Amino acid sequence: MNIAKNIVAGGEKPDGVSCPVWKRLWVIQLVVAAGFLIAGGLYTWWEIRDADRQMRSALLDRTRLMAEAVSPERLKRLSGSGADLSKPEYLRLKQQLSLLKRDNPDIRFIYLMGYRPDGTIFFFADNEPPDSPGYSPPGQRYAEGTAEYQKAMHDGTEIVEGPTVDQWGVWVSAQVPVKDPRTGQTLAGLGVDVEAGLWRKSLLLAGLPGAWLTLILIGIAFAWVRLFRRRRHMGDASPRWLQYFEVSGVVAIGITLSLFAAWRVHRQESISRNRLFQQLASSETAQIAQVIQNIRSAELEGLAAFFHHSTAIHRSDFFHYFCYLTDNPLVQAWLWAPAVPAAEAASFEAKIRREDGDSGFRIWPSPAPAAKEIRFPVLYVEPEKDNSNLAGFDLMAEPKLRAALQEATKNGMAVATDPVWSVLFSEKRAMIWVFRPVFFPEQEDRLLGVAAVVLRIPSIQSRSEVRKDMVEIGFSVLREEAGTRPLSLFGIPAYFRARDDVRRYLFSFGKVFCFSARPGVGFIRSYPLWRHRIILIAGLFFTAALALIAYLITRRRSELERLVRERTEKLGESEFRFRQLCRHSRTLVWDVDEHGLFTYVN
C-alpha cells in the first residue's frame with residue numbers, strides 16, 4: 001500500500017525532496033509580478049501625464065478668465081515705473097489682484113507683466129503687499145524668464161510652463177495676454193504661479209489609482225500561487241473550497257478590473273461633460289459680465305460726459321437721454337446728484353423750485369452737526385415712477401454711500417458701494433450704488449456732482465428660463481476682510497463640489513465681482529453619465545462567464561484526478577499482490593533482460 005500512496009501523492013517524492021514544479025511556480029510568480037509591475041507602471045505614468053495635461057489646460061482656462069477681468073483702459077494709464085505708485089489706477093489694480101489671489105488660495109502669485117521694445121520684461125503690478133518678501137514694485141525687471149516665456153511675451157501668446165526656477169521659488173506658471181480690444185495690441189500679460197510642490201502632490205494623487213490597481217493584482221497573484229502550493233502540499237486532505245480557489249481568483253481579478261474600468265470611464269465622462277459645461281458657462285457669464293461692462297465703460301461714462309460738457313441740463317433732457325437705458329434688468333435707477341455746499345443748500349432748494357416748478361423739492365434728511373460741507377441731493381432720477389422717493393435725498397446721509405462718495409471724489413474714479421439694504425425703494429433687496437464724480441470742464445479740481453447708477457444684483461431677469469435650468473449662476477463680490485460675499489444664488493445643486501464651478505471675474509467700480517456658474521438640473525438631465533454602468537455590467541457579466549468556465553474546468557480536472565487516483569491505487573494494489581504471490585510461490589520465478597542477465601529471482 002505504501003507504493004500506491006507514494007504514487008498518488010504526486011506532489012513530493014518519497015524522499016521528501018521538492019519537486020521541480022515548485023521552482024517553476026516561483027518563476028511563474030516572479031514573471032507575473034514583473035508583468036503587473038511593468039503594465040501598472042506604464043499605466044500610472046500615462047495617468048500622471050494625462051493629469052498634468054489636464055491641469056495645465058485648467059490653469060490656462062482660469063488664467064484666461066482672470067485676464068478678461070482686467071480693464072485695458074485702466075492699464076493704458078500705467079507706465080510700468082515708480083511713478084505708478086501714487087496713481088489711483090495702480091492702487092486699485094493692486095487691490096483687485098490681491099482680492100483675486102484671496103479667492104484662489106492654490107495660486108501663490110498673480111501679476112501683470114509688460115514688454116518693452118528693447119525686449120525688457122517688467123512688472124506692472126502684483127498681488128503682494130509692499131512689506132512682503134515676494135513684492136515686486138512697478139517697473140522691476142524680470143530677467144529670469146525662459147526663452148519660451150520671452151517669446152510668448154514678444155508675440156503676445158498664451159503659455160503654460162514649468163516647473164521653472166526663479167528668485168522666488170519653483171513654479172508652474174501660466175500667462176495670458178491682455179490686449180486692446182480696438183487695436184489688438186498686447187498691453188500686458190496676466191500671469192499666475194502655482195508652487196511646484198503642490199503641483200507634484202496633485203500629480204502623485206492622480207497616479208495613486210493605477211498604483212493601487214497594480215498592488216491589488218500582484219496581491220491576488222501571490223495569493224493564488226500560495227493557495228496552489230498549499231493545495232498541492234495537502235493533496236487529498238485539502239478542504240473543498242481550496243479545490244476551487246482558481247474560480248475565486250478569476251472572480252477577484254474580474255471584479256477588480258470591472259470596478260476600475262467603470263471608475264475610469266466615469267471619470268472620463270465627467271471630464272468630457274465638464275469641458276462642455278465650461279464652454280456653456282463661459283458664454284453665459286460673459287454675456288452677464290458684458291452687461292455690467294457696458295454700464296461701466298459706456299452708459300455711466302456717457303452720463304458723466306453728458307453733465308461734464310453741458311452747461312445747463314433740465315429734467316426733460318435727463319429723461320430723453322435715459323428713456324432707452326432703463327430697460328436693463330440690472331439697473332434700478334440712473335440718477336444725478338449735484339455737489340451743493342451746505343451753506344448754499346437753502347438757495348439751491350429755492351432755485352430748483354423756481355426753475356423746475358417742483359414746489360415740494362427739499363434736501364433731506366437734515367444734516368447732522370458733524371455733516372460734511374458738501375451735500376449730494378438727488379436731483380434727477382430715471383425711471384422716476386419707481387424711484388420717486390429718491391428725489392432730494394442727500395447721498396451723504398447714508399454711511400456706506402458717504403464712504404463710497406468720499407473715495408470717488410478723492411481719486412476721481414467710479415466707485416461702487418458694498419451691498420446696501422435701503423427703504424428708499426419699493427423692492428426691499430440688496431442694491432449696489434456706483435458713483436462717478438464729474439468735474440467742471442474748465443476746472444478739473446472743482447467738483448460738479450456725481451453721476452450714479454443703482455444696480456439690483458439678486459435678480460438677473462434677462463436670462464431665459466431655459467438658460468437658468470442649464471446653468472446656475474451666482475453673483476458675488478470679493479471682500480478683503482470676509483472673502484467672497486454671495487449676492488445671489490440660484491438653487492445651486494448640493495451634489496456638485498466647488499471644483500465643478502466656472503468662475504469669471506470682473507474688475508469694475510473698484511470692486512472684484514465674481515460670476516460662479518454650476519451645472520443646472522436641465523444640464524444634468526441633458527448630459528447624464530451612464531456609460532460607466534454599461535462597462536460595469538459588461539465586466540461583471542464577463543467575469544461571471546469566465547468564473548463559470550473556470551469552475552467547469554476545475555470540476556473536470558478534479559474528476560480526472562479522482563479517476564487517475566483510483567486507477568493508480570488499483571494498479572498499486574495489483575502490483576503488490578503480484579509481488580507477494582511471486583515471493584511466496586514454490587515455483588521458481590525469474591526475470592532476465594535482453595542480455596540474458598537475471599534481474600529478479602524469487
Side-chain angles (χ1 to χ4, degrees), residues 1-39 213-261 537-583 591 593-594 599-600:
M1 295 300 294
N2 292 335
I3 297 175
K5 292 181 180 180
N6 288 333
I7 294 176
V8 173
E12 291 185 353
K13 293 182 180 180
D15 299 336
V17 180
S18 298
C19 178
V21 69
W22 304 127
K23 296 181 180 180
R24 292 196 298 270
L25 284 175
W26 276 109
V27 172
I28 293 174
Q29 187 175 3
L30 293 177
V31 170
V32 170
F36 281 144
L37 281 175
I38 294 174
L213 176 65
T214 303
L215 293 177
I216 291 173
L217 293 179
I218 291 177
I220 293 175
F222 271 81
W224 189 91
V225 172
R226 185 173 182 84
L227 292 175
F228 181 81
R229 292 183 60 187
R230 182 179 178 185
R231 188 182 67 181
R232 298 279 293 184
H233 179 73
M234 296 180 66
D236 293 341
S238 61
R240 183 174 179 80
W241 66 268
L242 193 57
Q243 297 177 8
Y244 295 94
F245 77 91
E246 292 92 344
V247 180
S248 302
V250 170
V251 171
I253 293 177
I255 291 178
T256 301
L257 293 178
S258 298
L259 291 175
F260 187 82
I537 294 174
L540 294 178
F541 178 80
F542 188 67
T543 299
L546 290 180
L548 179 60
I549 294 174
Y551 172 76
L552 294 177
I553 293 175
T554 303
R555 182 177 179 182
R556 179 60 177 167
R557 185 207 63 202
S558 299
E559 292 177 353
L560 290 177
E561 287 181 351
R562 181 181 55 80
L563 182 60
V564 170
R565 187 164 55 247
E566 291 176 355
R567 293 187 177 183
T568 303
E569 290 178 357
K570 291 181 180 180
L571 179 61
E573 293 175 358
S574 177
E575 182 180 357
F576 177 75
R577 288 195 301 269
F578 177 77
R579 288 184 178 275
Q580 290 294 99
L581 180 62
C582 292
R583 182 176 301 172
D591 285 339
D593 59 13
E594 65 273 15
T599 59
Y600 174 78

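Any value given below was found using the heavy atoms of this structure, including those in side chains, with hydrogens, waters and symmetry copies removed. All values derive from a computational prediction rather than experimental measurement.
Between atom CZ of residue Phe222 and atom CG of residue Leu30 there is a gap of 6.5 Å, rounded to the nearest 0.5 Å. Rounding to the nearest 0.5 Å gives a distance of 9.0 Å between OG1 of Thr568 and CG of Leu563.
For the ring-ring contact (aromatic ring centres under 6.0 Å, His included) test, no residue two or more places apart in sequence or in another chain qualifies with Phe36. Under the side-chain contact (heavy atoms from CB on, under 4.5 Å) criterion, Ile549 pairs with Ile553, not counting sequence neighbours. Residues passing the salt bridge (charged side-chain N to carboxylate O under 4.0 Å, His left out) test with Arg567, sequence neighbours excluded: none.
The nearest pair of heavy atoms linking Ala33 to Ile218 is O-CD1, 4.0 Å. Contact detail for Val32 and Ala221: the closest heavy-atom pair is CG1-CB, 3.8 Å. The two residues Val251 and Ala547 come nearest to each other via the heavy atoms CG2-CB, 3.7 Å.
Among Thr543, Ile253, Ile537, the single residue meeting the side-chain contact (heavy atoms from CB on, under 4.5 Å) criterion with Ser258 is Thr543. Considering Leu257, Thr256, Ile255 as possible partners of Leu259, the one that fulfils the side-chain contact (heavy atoms from CB on, under 4.5 Å) test is Ile255.
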